[in-house]
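Predicted model, so just to flag it, every value in this text is computed and none were measured. Lettering of chains follows the sequences in order, A, B, ..., and the numbering in each one begins at 1.
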Amino acid sequence: MEEIGSLLGGFAVAISPYNIALMVVGIVLGVVIGVLPGLGGANGVAILLPLTFGMDPTSAIIMLTSIYWGALFGGAITAVLFNIPGEPWSVATTFDGHPMAQKGKADEALVGAFTSSFVGAIFAVILITFLAPVIAKFALRFGPAEFFAVQFLTFASFLGMGRGSPMKTLASMCLGFALASVGLDGVTGTLRLTFGHDELMNGFKFLVAVIGLFGIGEILSSMEEGLAFRGAAAKLKMDAVIRTWKQLPAMAVTFLRSCIVGCWMGITPGGATPASFMGYGLAKRFSKRGRHFGKGELEGVVAPETAAHAAGTAAMLPMLTLGIPGSPTAAVLLGGLLIWGLQPGPLLFVEQKEFVWGLIASMYMGNVVGLIIVLTCVPLFAAILRVPFSIIAPAIVVVCAIGAYTVNNAMFDVWMMLVFGVLGYLFTKLGYPLPPLVLALVLGDQAESSFRQAMLTSQGDVTVFWHNWLSGGIMTLGVALALWPLVSMLFGKKDDDALANPA
Amino acid sequence: MIGKSLRKTAIALAAGAALLTAFAPGAARAEWAPTKAVTFIIPAGTGGGADQMARFIQGVIQKNNLLDKPVVVINKGGGAGAEGFIEMKGSAKDPHKIIITLSNLFTTPLGTGAPFSWKDMKPVAMLALDQFILWTNAEKNYADAKAYIDAVKAGADRQFKMGGTGSKQEDQIITAAIEKQTDGKKFTYVPYDGGGKVAVQLVGGHIDSSVNNPIEAVAQWRGKQLKPLCIFDSKRSTYTEKVTDDMAWSDIPTCTEAGLPVEYQMLRGIFTTAGATDEQVAFYVDLFKKVLATEDWKEFMKKGAFNQTFMSGPEFEKWLTDTEAKHKELMQGAGFLAAAQ
Amino acid sequence: MTDITEPQPGESDEPALVTLRTADVVVACLFLVVSAIVISDSVRLGFHWQDSVGPAPGYFPFYIAVVMAIASAYNLGRAILARGPEEQEGMTTKTGVLRMSAIFLPAVLYVFATSYIGIYVASAIYIAAFMIFFGKFAVWKALAVALSIAIVSFMMFEVWFLVPLPKGPLEAAFGY
């Protein structure tokens, strides 16, 4: 196996005390960046990029990718503890992670999240190691029709999984789509739904909505019930890691499913955020414990985290081999590659062998080092919940405000965050599910442009989505998944939640 | 590195305090220098050409200590860049803000009716002009630009797909200009959200051609996946070093040479706020001259096959006036002007 | 003043201020209003096939808004007709609203103040005030916590990571 030889060579490059020290620094910084919603991974990498110009490219990219891994790990922390997703791909982690924290199992949720991140990332790295050239060519097959098919599949895997009334789910999802369409239309360059207000030209940014709906909404509910902070009373036990790991082998299928979904979405490149939603949606539908999801199920943390990290890692592949960044962070890294004189693209693997294999080796290393660091810190993170509520509550509002502001550097977004907070509270009370809204907000734009690009290229012929086996296959799978709840409603047991209160 | 920047800040603070005491009674200083961090606005998202260049400049300034205050780079790309420009317009009195421009300086106000123009800012300098090249998939093997245009003429209307970044912006303007040479046969223009993506879509055969900037497609060219047909400049590129096995940037014919008389280049320039004094503008001009003199910058120019034209002062203002008029004409011709205008 | 943030005995008996049904009706109406806004703008933009651009910019929002309107009309009808015990349940009580206002109204003031005095000063005041009034902390403790949070975030954002946040006169006095 030629790859193994190259990989060992890569390890020889990556394992030097200097590089390992850079890795540790990068991961710690990354965790800090991931925890604060105001500092995205892209921000952290962009700011540190100039500092690395003096280093040799391999050391520099090791440090920068370590920040990326750290940020991926760190995003889960605030999601579990405070229901605030530090990064977009942590949204699905809040669905079960935060309820676990409320039940006093914050430490288990964190260990579960970190471990599954690690598993997802390692799975993707192994895939990159052995299949990079094959996969790179596969990604080229994705045109607008194929992209739309993948996005459709993501929605389909999520349909009909809310416990609330189907009509409320639908209204919630449509609201997400409507909000996503505000601002400048990417296809024609016309302004939509702005009614002459310059502030609205930016549209509603996903993170602003999510910080408001989840973070502020949660603070309001906690205040209302006067429970101080739920879960604060939980005792810290030091055996959290072992306790959690014992439960994980039973979820092997979920791990594998999410790994595959994640790698697929990372390469195609659908991205980590849809991957996490799809991982969660599929696990909810096909897992035995799926009907308990949303109430604090460890498997509900494992599924999205594994998928998000497999995707985040696999997204490095199109970046290196094709030069398309899978995420804003990857885009900044790409800029770095250019400055160091490395041209991402089909020839990178041929001309810069040492660099590429050093990078791949550092992916293994970085994730191992990262896992060790974050696992040792779990008691520390969980201890944050013991801080009195009257300190935590205003501090969360401050963190949310900073996070919302930095999305566009605009105060308008901070006001929108407060509005979304009230909406989040109302919707939760009235049984309008939030996940469909959030999903539509994050994917609405992309799905709409892919759909319109596909329609443009086919001159309005809808059968374009079935013009080859690839997009046709994905679309058919999507339709099947979308109809699944209907079928199971007709033939299976009655869905007692949805039909409990006929009008 | 945190320690280092802390120390730097401490020194800067001390220096600032010393300056304050030294010049306290309103002593007029011959030369102006920033008294706080300089905010460098990018009117585009992360990862694009302008973003790469701005972050590169930030790196060069930092590496060579060209400025004793930090440079803070922020992206304000909302509304096709309108957000960034409106911010500049709104902070006319703050000379600590500079902005890098791309063609959206002209296209956004014309195409969306967003309320700003380059006259709401103070021009500092033109750093370079970014080139556009007509690319096709290497497998299609069109001999030259003429062969491709002939194929478009022979095909059905809208049969050929041109990919580009955004809509009613530079890529679509060039497409509209090309359409004047195709006997009334139109392209189907497919807008994507980034130049890198366009190049990959072209490799995958989902579109027939693109007008990518050199830096966006050079990797695919070297990988023999894309073929450059012609460059939209009046002269051939001056970079004679081989990029692929047998071709240099200078081997690409101009489009006019190839029988497709279309020229278009994109401004990579720097502006500061409208209220800046002459000394303040002079400071920035001087700063960017230093940036341009570095080896790193020259290397960057070569990699992206930029047209290295430096302009400042009245010459630059004249260029801006002419270019704005040209955009208005091109966009009017293509029907891209905002309804409000 | 009693500490309203602590759970009180017997508060579950408190009469509801707003019933779920009322809230449901209001929210469904809001949805209808949003649908109407989106539809009106989509009509302006056009929602048919256009030759050079494919589906017009209003195409997608138009159909989304139509679906949203239908779903919301159904929700509205259901809420109005509902007579079940669940719909009569309270959404929140007076205490609940008071408690939420305790965090939310200051938050509104805080965001408002941020535009004038900068986010760091506003945050310090907000956190300190909340700790003193609702947490019953000693003033010096509250000030210590609030100031250290403000200073740490200032160092983190402005100095180390160079992310500019809104600043006011105080920061300007220090040269930022």
Shortest non-hydrogen separation from [X] to [Y] and the atoms involved:
| X | Y | answer |
| --- | --- | --- |
| A:Met223 | C:Arg99 | O-CD, 2.9 Å |
| C:Ser123 | A:Val398 | OG-CG1, 3.5 Å |
| C:Phe130 | A:Pro394 | CD2-CD, 3.5 Å |
| C:Ile64 | A:Cys174 | CG2-O, 3.4 Å |
| C:Met68 | A:Ala171 | SD-O, 3.9 Å |

Can you tell me how far apart [atom1] ([X]) and [atom2] ([Y]) are? Round to the nearest 0.5 Å.
| X | Y | atom1 | atom2 | result |
| --- | --- | --- | --- | --- |
| C:Ser42 | A:Arg192 | OG | CZ | 8.0 Å |
| A:Ser222 | C:Met100 | OG | CE | 11.0 Å |
| A:Leu175 | C:Ser35 | CG | OG | 8.5 Å |
| C:Met131 | A:Ile392 | CE | CD1 | 10.5 Å |
| C:Phe137 | A:Ile391 | CZ | CD1 | 4.0 Å |
| C:Ile103 | A:Glu224 | CD1 | CD | 13.5 Å |

Name the option with the most non-hydrogen atom pairs under 4.5 Å to chain C; the candidates are A:Val414, A:Leu456, A:Leu193.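 Ranked by heavy-atom pairs under 4.5 Å with chain C, first place is A:Leu193.
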With respect to chain C, which residue among A:Tyr405, A:Phe177, A:Phe195 yields the maximal number of heavy-atom pairs within a distance under 4.5 Å?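 It is A:Tyr405.
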Which answer fits [X], side chain, backbone, both or neither, if we ask what part of it has an atom under 4.5 Å from a heavy atom of chain A?
| X | value |
| --- | --- |
| C:Leu45 | side chain |
| C:Ala69 | neither |
| C:Ala65 | neither |
| C:Ile37 | both |
| C:Val145 | side chain |
| C:Val97 | neither |
| C:Phe112 | both |

When [options] are compared by non-hydrogen pairs under 4.5 Å with chain A, the top option:
| options | value |
| --- | --- |
| C:Pro61, C:Pro166, C:Ser40, C:Ser72 | C:Pro166 |
| C:Ile70, C:Val108, C:Ile149 | C:Val108 |
| C:Ile127, C:Leu30, C:Val111, C:Val67 | C:Val111 |
| C:Thr114, C:Asn75, C:Thr92 | C:Asn75 |

Under 4.5 Å from a heavy atom of chain C, the part of A:Met455 involved: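 For A:Met455, the contact with chain C is made by backbone and side chain together.
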Where on A:Gln459 is there a heavy atom nearer than 4.5 Å to chain C: the side chain, the backbone, both, or neither?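 Both the backbone and the side chain of A:Gln459 come within 4.5 Å of chain C.
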Is the C:Phe60 ring parallel, tilted or perpendicular to the A:Phe451 ring (thresholds 30°, 60°)?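 Tilted.
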Would you please indicate if the ring centroids of C:Phe104 and A:Tyr425 are separated by under 6.0 Å?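 Not close enough - the centres of the two rings lie 6.0 Å or further apart.
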Under 4.5 Å between any side-chain heavy atoms of A:Arg452 and C:Pro57, yes or no?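 When only atoms from C-beta onward are counted, C:Pro57 and A:Arg452 do touch, with a gap below 4.5 Å.
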